[in-house]
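These notes are about the structure you will find just below.
Numbering of ligands and ligand atoms starts at 1, following listing order. Below, each value reflects all heavy atoms present in this structure, side chains not excepted, and no hydrogens, waters or symmetry copies.
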Amino acid sequence: MRAAGLISLLAAASPALVAARGTLGFALGNENPDATCKSVADYKKDFDALKDLTTLVRTYSASNCDTAKNIIPAAKAKGFKVVLGVWPDSDESFNQDFDALKAAIPGNEGVVDGITVGSECLYRGDITAQKLLKRINQVKNEFPSITVGTVDSWNKFADGTADPIVQGGVTYFLVNGFAYWQGQEIKNATATYFDDIAQAKARIEQVAGDSASKIKFGNGETGWPTDGGSDYGAAKAGTKLAQTYYKNAVCAMLTWGIDVFYFEAFDETWKPKSIGDNGEEMDETHWGLFTDDRKIKFDTSCPN
Ligand SMILES: *[C@@H]1O[C@H](CO)[C@@H](O)[C@H](O)[C@H]1NC(C)=O
């Protein structure tokens, strides 16, 4: 989107300014810096560090590291809510996560803000939209009082790949958008992020038609790496740039009324290096708003 497009989009959305600001949450990993699994006590420390900013986090596989089992009591103790995740890419991972939810949730529905089945699995091409819809419905049927949906990259919504899921009646969508992974320099990052999220939202609402008002829509992940992270084309890592991205992009998205899960709460120093779409080795350990020992890196107060 060009700058003029962004301004008109914000102007068109201005009633939302009055109606409701989006809710800020954080993506939360399930391993400690030394790669051990987080315990109930570790999650409690995480929540103590986050509590001035939010009482909402989202996690990924429910069974891996006993995430659902360990995070639920910590959330209960600290007044947090969690979005739990199911990895539907293979039968094995689906069944493990589904079983973990069936063991952990009953009686604790009050701390579960939602369940996401799939995390960018359409983006990776691991599963078809039809199969993913079946998985989502299986989980929905098991937990009728909980909001169940999916998370994927913005472009898989915008290009229609996810249409069968919207047509299938799913009403909870988290859309990931990283201007950084699109190689955008910081001065164009907010426009890119808004364009991504707006395109995905428009497509979902168009496909949902009359049911669009039932949809719970949010941004599932966005963020910017801090000092020590890798550059990605024109997107440069740095703590000052991450703060600029937060204050410009994240604050504006919340003002627009869109819920945002910032990626991520804490640096995940255990993470191995990965190979980016550009073929270069990428450091994935500096995406936290907090260091791995839970010290905040920059001020996140929003200008409005
Ligand atoms: C800036 O972002 C907009 C919106 O995504 C995009 O259309 C444009 O190509 C970007 N500019 C550059 C130089 O990449």
The answer for which part of Gln184 has a heavy atom under 4.0 Å from ligand 1 is side chain
List every atom of ligand 1 that sits less than 4.0 Å from any heavy atom of Asn188, numbering the atoms from 1 in the order shown and giving each element. 1 (C), 2 (O), 3 (C), 8 (C), 10 (C), 11 (N), 12 (C), 14 (O)
Can you find a heavy atom in the side chain of Trp270 that is under 4.5 Å from one in the side chain of Glu31? yes
Sequence neighbours excluded, which residues qualify as ring-ring contact (aromatic ring centres under 6.0 Å, His included) partners of Phe157? Phe173
Just to verify, what does Phe290 make a ring-ring contact (aromatic ring centres under 6.0 Å, His included) with, not counting sequence neighbours? Phe266
Using the ring of each side chain (for Trp, its six-membered ring), is Tyr232 parallel, tilted or perpendicular to Tyr180, with breaks at 30° and 60°? tilted
Check ligand 1 against Asp195 and write out every atom of the ligand that is under 4.0 Å from a heavy-atom position of the residue. 4 (C), 5 (O)
